[in-house]
Amino acid sequence: MKILLAGGAGYIGSHTAVSLLGKGHEVVVVDNYDNSSPESIKRVEQLTGKSVALYEADVKDKVRVLKIMQKEQPDCIIHFAGLKAVGESVQQPIRYYRNNIDTTLTLLECMEQTGCKEIVFSSSATVYGSENPSPCHEGMPKGSCTNPYGWTKSMMEQILQDASVADKELSVVLLRYFNPIGAHESGRIGEDPQGIPNNLMPYVSQVAVGKREKLTIFGGDYDTPDGTCLRDYIHVMDLAEGHVSAVEFCAHHHGTEIINLGTGQPYSVLDIVNTFQKVNDVKVPYEIGPRRAGDLPAVYSDAHKAERVLGWKAKRNLADMCRDSWNWQKNNPNGYKR
Ligand code: NAD
Ligand code: UDP
């Protein structure tokens with residue numbers, strides 16, 4: 001199949017490109033490098049020995065996207081293109097709504113005009129909101145989000161679902177990711193945040209490599225076994241392989257399917273720090289600080305549906321995630337050197 005990855009030069013998109021190419025699919029990437037670099041795709045090509053059709057374009061630009069789709073005629077789209085920093089979305093809600101919603105509408109309009117009927121969407125566990133207790137399963141109603149980023153995901157899910165009600169030939173898979181971490185085992189591609197990382201694993205890696213002095217753990221007094229928050233961390237290569245299964249499923253399906261991509265196994269912030277130190281034999285100095293506003297004590301998935309519907313299950317463990325994150329960080333202390 002030929003798959004168009006909107007936002008494919010980013011962290012999850014570049015790893016998914018490796019998995020798709022490895023399974024014999026063709027890959028087209030459209031990205032404006034708002035939060036990435038074409039270097040990631042160059043490395044994907046080196047790793048796989050295959051070429052990627054790469055377009056620098058804004059996915060909100062309908063004229064450009066339509067031309068690309070008319071030329072490439074993809075069988076399926078994976079929509080990764082979005083802004084994803086929770087704190088920034090609170091400061092810049094209009095930019096977030098404009099970018100995230102508009103990219104989705106543009107892709108749907110271009111699909112309508114070119115006859116492409118399959119789309120896989122990068123959603124997030126954040127749409128379960130604070131009302132749903134973990135483990136979160138797909139049958140639960142969506143909850144209230146605590147920030148504009150989360151609301152864009154919730155709204156985009158609704159838009160895609162409505163589109164599939166109106167067009168019975170449309171096949172939509174909404175993938176709700178839990179906490180992707182890790183990197184390709186080669187250490188050649190990985191997560192490359194700009195500025196101070198918001199997420200735990202890039203922060204831990206940057207402390208270990210000496211770019212930051214110490215990690216602040218946000219809260220040590222939660223009602224959890226060690227007092228720190230629990231999350232469902234998933235290796236980005238497992239996540240990438242989940243996309244290959246989703247794309248293949250999409251081809252034989254109509255309507256909307258919601259699927260969690262997680263391991264179902266919660267780990268605490270201290271589990272991450274301790275495992276990272278142990279498997280990599282490095283020090284990660286930390287202190288326990290105040291809670292971060294909006295953080296929930298425990299968020300993890302019920303991962304059974306993905307196994308039942310997609311035949312996919314995460315295979316890599318926490319040690320693999322910590323080892324591969326470090327392998328990427330230590331070999332690329334400045335990321336892709338933008
Ligand atoms: P990322 O920032 O590395 O990748 C997103 C890519 O989209 C970037 O390459 C960026 O340049 C591109 N992009 C953004 N707006 C664009 C536009 N208008 N036109 C063209 N390209 C555009 O992020 P990621 O971690 O790879 O996440 C991919 C998707 O998964 C995002 O939609 C994100 O919200 C979602 N998601 C990520 C996580 C996570 O923890 N990483 C969790 C849940 C959901
Ligand atoms: N966290 C932390 N220090 C940091 C970054 C994150 O203690 O510098 C914690 C955060 O409170 C949460 C977990 O690590 O419990 C995962 O946070 P992240 O932002 O990576 O993902 P989230 O689940 O919040 O989307």
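Bear in mind the structure is a predicted one, so any value in this text is a computation, not a measurement.
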Taking atom types as modelled and ignoring hydrogens, do the side chains of [X] and [Y] form a donor-acceptor contact shorter than 3.5 angstrom?
X      : Y      : value
Ser325 : Ser205 : no
Tyr128 : Asn260 : yes
Thr106 : Lys60  : no
His184 : Asp324 : no

Check against side-chain contact (heavy atoms from CB on, under 4.5 Å), Ile3 and Ile77: CA-CA 6 Å; Ile3 323 294; Ile77 288 176; over 6 Å; no
Check: [X] side chain, [Y] main-chain N or O, donor-acceptor pair, under 3.5 Å:
X      : Y      : result
Lys283 : Ala208 : no
Asn280 : Val282 : no
Asp61  : Val63  : yes
Glu56  : Tyr33  : no
Asp238 : Lys313 : no
Arg291 : Gly219 : no
Thr152 : Tyr149 : yes
Thr224 : Thr228 : yes
Ser40  : Ser37  : yes
Asn179 : Ile234 : no

Practice problem: Let me see the working for Asn99 and Asp34 under side-chain contact (heavy atoms from CB on, under 4.5 Å), right down to the final yes or no. | Solution: CA-CA 11 Å; Asn99 192 72; Asp34 188 284; 5.9 Å; no
Check: So, is the end of the Arg231 side chain (NZ or CZ) under 6.0 Å from the ring centre of Phe178 and within 45° of the ring's axis?
Finding: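 Verdict for Phe178: no cation-pi partner in Arg231.
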Fill in: Distance in Å, Asn332 CG paired with Glu39 CD, rounded so as to fall on 0.5 Å steps
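Spacing of CG (Asn332) from CD (Glu39) equals 9.0 Å.
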_Rounded distance (nearest 0.5 Å) linking atom OG of Ser245 with atom CD of Glu307_ =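 Atom-to-atom, Ser245:OG and Glu307:CD are 11.0 Å apart.
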Exercise for the section: Please lay out, stage by stage, how Glu185 and Asn327 fare under the test side chain to side chain donor-acceptor pair (under 3.5 Å). Expected result: CA-CA 8 Å; Glu185 30 273 34; Asn327 191 31; over 6 Å; no
Margin query: Run Glu191 and Lys84 through salt bridge (Lys or Arg N to Asp or Glu O under 4.0 Å) and show every step you take.
Written below: CA-CA 13 Å; Glu191 186 169 14; Lys84 62 164 187 176; 3.7 Å; yes
Sub-4.5 Å side-chain heavy-atom contact between [X] and [Y]:
X      : Y      : value
Ser123 : Tyr177 : no
Val65  : Leu107 : yes
Ile12  : Pro180 : yes

ask   = Passes side-chain contact (heavy atoms from CB on, under 4.5 Å), Met1 versus Val247? Steps please.
value = CA-CA 9 Å; Met1 289 169 72; Val247 159; 3.7 Å; yes
Closest contact, heavy atoms only, [X] versus [Y]:
X      : Y      : value
Asn32  : Asp58  : ND2-OD2, 3.8 Å
Lys214 : Tyr203 : O-CE2, 3.5 Å
Trp312 : Leu239 : CZ2-N, 4.5 Å
Pro74  : Leu4   : CB-CB, 3.9 Å
Arg64  : Ala57  : NH1-CB, 3.6 Å
Val44  : Ser14  : CG2-O, 3.5 Å

Could you work out the complete set of other residues in the hydrophobic cluster of Val165, with links drawn between I, L, V, M, F, W and Y side chains under 4.5 Å apart?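 Noted: Val165 shares its cluster with no other residue.
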Other than Val127, what residues sit in its cluster of Ile, Leu, Val, Met, Phe, Trp and Tyr side chains whose heavy atoms are under 4.5 Å apart, directly or through others?
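None; Val127 is a cluster of one.
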Can you list, pair by pair, the side-chain donor-acceptor contacts under 3.5 Å of residues 111-118, counting residues two or more places apart and other chains?
{"from": "Thr114", "atom 1": "OG1", "to": "Cys110", "atom 2": "O", "distance (Å)": "2.8"}
{"from": "Lys117", "atom 1": "NZ", "to": "Asp167", "atom 2": "OD2", "distance (Å)": "2.7"}

- Can you pull the ring pair (Phe, Tyr, Trp, His ring centres under 6.0 Å) pairs that have at least one residue in residues 38-83, sequence neighbours excluded?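 Qualifying pairs: His79-Phe121, Phe80-His243.
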Ionic contact status for [Y] with [X], cut-off 4.0 Å:
X      : Y      : result
Arg316 : Glu241 : yes
Glu157 : Lys153 : no
Glu138 : Arg176 : no
Arg95  : Glu88  : yes
Glu45  : Lys42  : no

Query raised in the report: Checking side chain to side chain donor-acceptor pair (under 3.5 Å) for the pair Gln265/Tyr233: CA distance, chi angles, key distance, verdict?
Result: CA-CA 8 Å; Gln265 170 68 55; Tyr233 297 95; over 6 Å; no
Open item on the list: Please verify the inter-ring angle class for Phe276 with Trp326; under 30° counts as parallel, over 60° as perpendicular, anything in between as tilted.
Closed with: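 Rings of Phe276 and Trp326: perpendicular, over 60°.
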**OP:** Describe, in one word, how the ring planes of Trp328 and Tyr336 are oriented to each other, choosing from parallel (under 30°), tilted (30 to 60°) and perpendicular (over 60°).
**Re:**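 Trp328 vs Tyr336 ring planes: tilted.
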In chain order, what residues pass the salt bridge (charged side-chain N to carboxylate O under 4.0 Å, His left out) check against Lys305, with sequence neighbours excluded?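 Lys305 satisfies salt bridge (charged side-chain N to carboxylate O under 4.0 Å, His left out) with Glu257 only.
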Problem - Results of salt bridge (charged side-chain N to carboxylate O under 4.0 Å, His left out) for Lys67 - residues two or more places apart only - result: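 With neighbours one apart ignored, the set is empty.
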task = Give a yes or no on whether Lys278 atom NZ has more than 12 heavy-atom contacts from other residues, nucleotides or ligands under 6.0 Å away.
result =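 No, not enclosed.
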- Task: State whether the number of non-hydrogen atoms from other residues, nucleotides or ligands found under 6.0 Å of Asp221 atom CG is greater than 12.
- Result: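 Counting neighbours around CG of Asp221, more than 12 heavy atoms of other residues, nucleotides or ligands fall under 6.0 Å, so yes.
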